[in-house]
Amino acid sequence: MKLDPQNIDQSVIKLAADIILQGGLVAFPTETVYGLGANALDERAVIKIFQAKRRPMDNPIIVHVADIEDVWVLAEEVPPSAELLMKRFWPGPLTFVLLRSELVPDVVTARLPSVCIRMPIHPVASRLISTAGVPIAAPSANLAGRPSPTTAQHVINDLWGEVDVILDAGETDYGLDSTILDLTCKPPTILRPGPITLEELRAVLGDVEVHPVAKAELTVEAAVAKSPGMKHKHYAPRAQMTLVEGDVEQIPSKINDLYSYYKGVEKSVGILATQETCDKYEAERVKVLGTRSNLKSIAKNLFKLLREFDDEGVDIILAEGVKPIGIGLAIMNRLRKASSLIVRVGPH
Ligand code: TXA
Ligand code: MG
């Protein structure tokens, strides 16, 4: 069902909220990516999310709220750092890991002692949650392992027949999943980099770390780049992806080398480039993520272009890396996780 986020039809929201209250599944837009929502307090409804996405049951789900007060209901303890950050960044694309209260069903948290909570700013998301009157558990609305959906069409492609209603309010703003910050440890630790950056969090809290796994650094030197089998997939297209990161001056020539190699073995190849470098390629299929001078543009297009290459049936994607600064850290996290091979060129 289509919705204009500037002029929301409350009857559509009411219909979707009723589905939530009856234990059904609603796919809905947020400012980051589309979510697949169910009543977070209804264990059976949440199990349907796992089935629809084919998500392993040991992977916990974020609980979405429309009112800051709900955090005190869902969390056992709300540290002062959470209050500071909520004031500064909520509603918005920042998710907290907090100790859970007894109200949160085991299936939501995969039996962890913590719960992930986020308050989205997208008007459709917040209206849906407040109309339903319950917190909504929602992972990204893609099949497990695939790139997160940034349009309703992506949800349709992955989950048609599995969802009771899909709310379509157009393309999402950020195009990248929220930042996840663990506040149950010291110092607070980013488990998944996202639109709210490490630099912004440090400006508020001082000491903030990035979990080593969140950096997803799994690099091989260019010289040994052909050794395969470094599987590390998530957010992944069907095509096999190689990420070339490091010195921007050297990236295009490395990608051109890889391109000739794959052409030689009759693979169809897509190149994921940037405005600054796209004219350095002669390949037929070059897609421009955005400009390096505005990494937000790259974040917004990343998942969409990965899915486009899949629709076009390419075998191989060769992707350029960006500087892991600001939202670039989140872009590199997704690119690295989606790649089966990472090649670094130039100085570290
Ligand atoms: O932007 C977003 O966060 C989107 C929209 C729909 O809100 N949601 C989203 O959910 O990306 P999902 O399930 O695709 O990713 C949530 C991540 C998973 O990697 C999960 O393992 C982690 O959050 N997570 C959930 N609960 C957790 C917990 N209690 N402790 C640590 N990690 C947790
Ligand atoms: Mg996801």
Side-chain angles (χ1 to χ4, degrees), residues 16-28 30 32 35-53 55-121 125-141 144 164 177-192 194 196 205 211:
D18 285 343
I19 288 172
I20 293 280
L21 291 174
Q22 286 157 21
L25 297 185
V26 175
F28 63 99
T30 80
T32 57
L36 178 61
N39 179 353
L41 306 179
D42 178 344
E43 198 140 11
R44 275 210 225 159
V46 176
I47 288 170
K48 288 187 196 166
I49 295 178
F50 288 92
Q51 290 167 340
K53 279 188 58 117
R55 179 183 179 101
M57 295 287 293
D58 64 358
N59 194 358
I61 298 183
I62 298 174
V63 179
H64 297 68
V65 300
D67 185 344
I68 286 186
E69 293 302 310
D70 288 344
V71 174
W72 277 263
V73 179
L74 298 166
E76 185 61 45
E77 207 181 299
V78 184
S81 55
E83 292 193 63
L84 270 175
L85 292 170
M86 288 190 284
K87 274 205 194 100
R88 173 78 176 78
F89 297 111
W90 273 21
L94 175 62
T95 300
F96 300 122
V97 181
L98 298 170
L99 288 177
R100 64 188 271 205
S101 77
E102 296 208 328
L103 193 74
V104 185
D106 278 343
V107 63
V108 172
T109 67
R111 296 182 184 277
L112 290 175
S114 60
V115 59
C116 264
I117 310 177
R118 149 163 143 77
M119 181 172 173
I121 194 169
S126 74
R127 202 67 102 72
L128 175 67
I129 304 162
S130 56
T131 303
V134 292
I136 293 185
S140 50
D164 296 298
D177 338 62
S178 64
T179 305
I180 300 182
L181 182 68
D182 189 347
L183 292 175
T184 67
C185 56
K186 282 207 173 100
T189 302
I190 293 179
L191 302 184
R192 178 176 73 185
I196 303 297
L205 295 186
H211 194 281

Visitor: Which atom names give the shortest non-hydrogen contact between Val71 and Trp90, and what distance separates them?
Guide: CG2-CZ3, 3.4 Å
Visitor: Assess whether side-chain hydrogen bond (donor to acceptor under 3.5 Å, both in side chains) is satisfied between Ser178 and Arg192, documenting all intermediate values.
Guide: CA-CA 8 Å; Ser178 64; Arg192 178 176 73 185; 3.2 Å; yes
Visitor: Evaluate side chain to side chain contact (heavy atoms under 4.5 Å, CB included) for Leu205 paired with Leu85, printing each intermediate quantity in order.
Guide: CA-CA 8 Å; Leu205 295 186; Leu85 292 170; 3.6 Å; yes
Visitor: Does the side chain of Leu25 reach to within under 4.5 Å of the side chain of Leu36, using non-hydrogen atoms?
Guide: yes
Visitor: Between Ile136 and Ile20, is a side chain to side chain contact (heavy atoms under 4.5 Å, CB included) present by the stated rule, with each step listed?
Guide: CA-CA 8 Å; Ile136 293 185; Ile20 293 280; 4.0 Å; yes
Visitor: If every non-hydrogen atom of Pro93 is compared with every non-hydrogen atom of Ile196, which pair is closest and at what distance?
Guide: O-CG1, 3.7 Å
Visitor: Got a salt bridge between Asp177 and Arg118, using NZ or NE/NH1/NH2 to carboxylate O under 4.0 Å?
Guide: no
Visitor: Thr131: what forms a side chain to side chain donor-acceptor pair (under 3.5 Å) with it, not counting sequence neighbours?
Guide: Gln10
Visitor: Is there a side chain to side chain contact (heavy atoms under 4.5 Å, CB included) between Leu191 and Leu181 once you walk through the steps?
Guide: CA-CA 6 Å; Leu191 302 184; Leu181 182 68; over 6 Å; no
Visitor: CG/Leu84 to CE/Met86 distance, rounded to the nearest 0.5 angstrom?
Guide: 9.5 Å
Visitor: Do Ile180 and Ile190 come within less than 4.5 Å of each other through their side chains, counting heavy atoms only?
Guide: no
Visitor: Could you go through residues 40-50 and list every donor-acceptor pair under 3.5 Å that involves a side-chain atom there, pairing it with any protein atom two or more places apart or in another chain?
Guide:
{"residue": "Asp42", "atom": "OD1", "partner": "Arg44", "partner atom": "N", "Å": "3.1"}
{"residue": "Asp42", "atom": "OD1", "partner": "Ala45", "partner atom": "N", "Å": "3.2"}
{"residue": "Lys48", "atom": "NZ", "partner": "Gly23", "partner atom": "O", "Å": "2.7"}

Visitor: I need the minimum non-hydrogen distance between Pro139 and Arg55, along with the two atoms involved.
Guide: CB-NH1, 3.5 Å
Visitor: Counting C-beta onward and ignoring hydrogens, is there a side-chain heavy-atom pair between Lys53 and Ser140 closer than 4.5 Å?
Guide: yes
Visitor: Supply the atom-to-atom distance Trp72 CH2 to Glu77 CD, rounded to the nearest 0.5 angstrom.
Guide: 12.5 Å
Visitor: Once rounded to the nearest 0.5 Å, what's the spacing between atom CD of Glu102 and atom CD of Glu76?
Guide: 7.0 Å
Visitor: For a quick test of reading the model, state the closest non-hydrogen atom pair linking Ala16 to Val26 and the distance between them.
Guide: O-CG2, 3.5 Å
Visitor: Taking all non-hydrogen atoms of both residues, which atom of Thr184 and which atom of Ser114 are closest, and how far apart?
Guide: CG2-CB, 4.5 Å
Visitor: Kindly give the heavy-atom pair with the smallest separation between Val104 and Leu74, and that separation in Å.
Guide: CG2-O, 3.5 Å
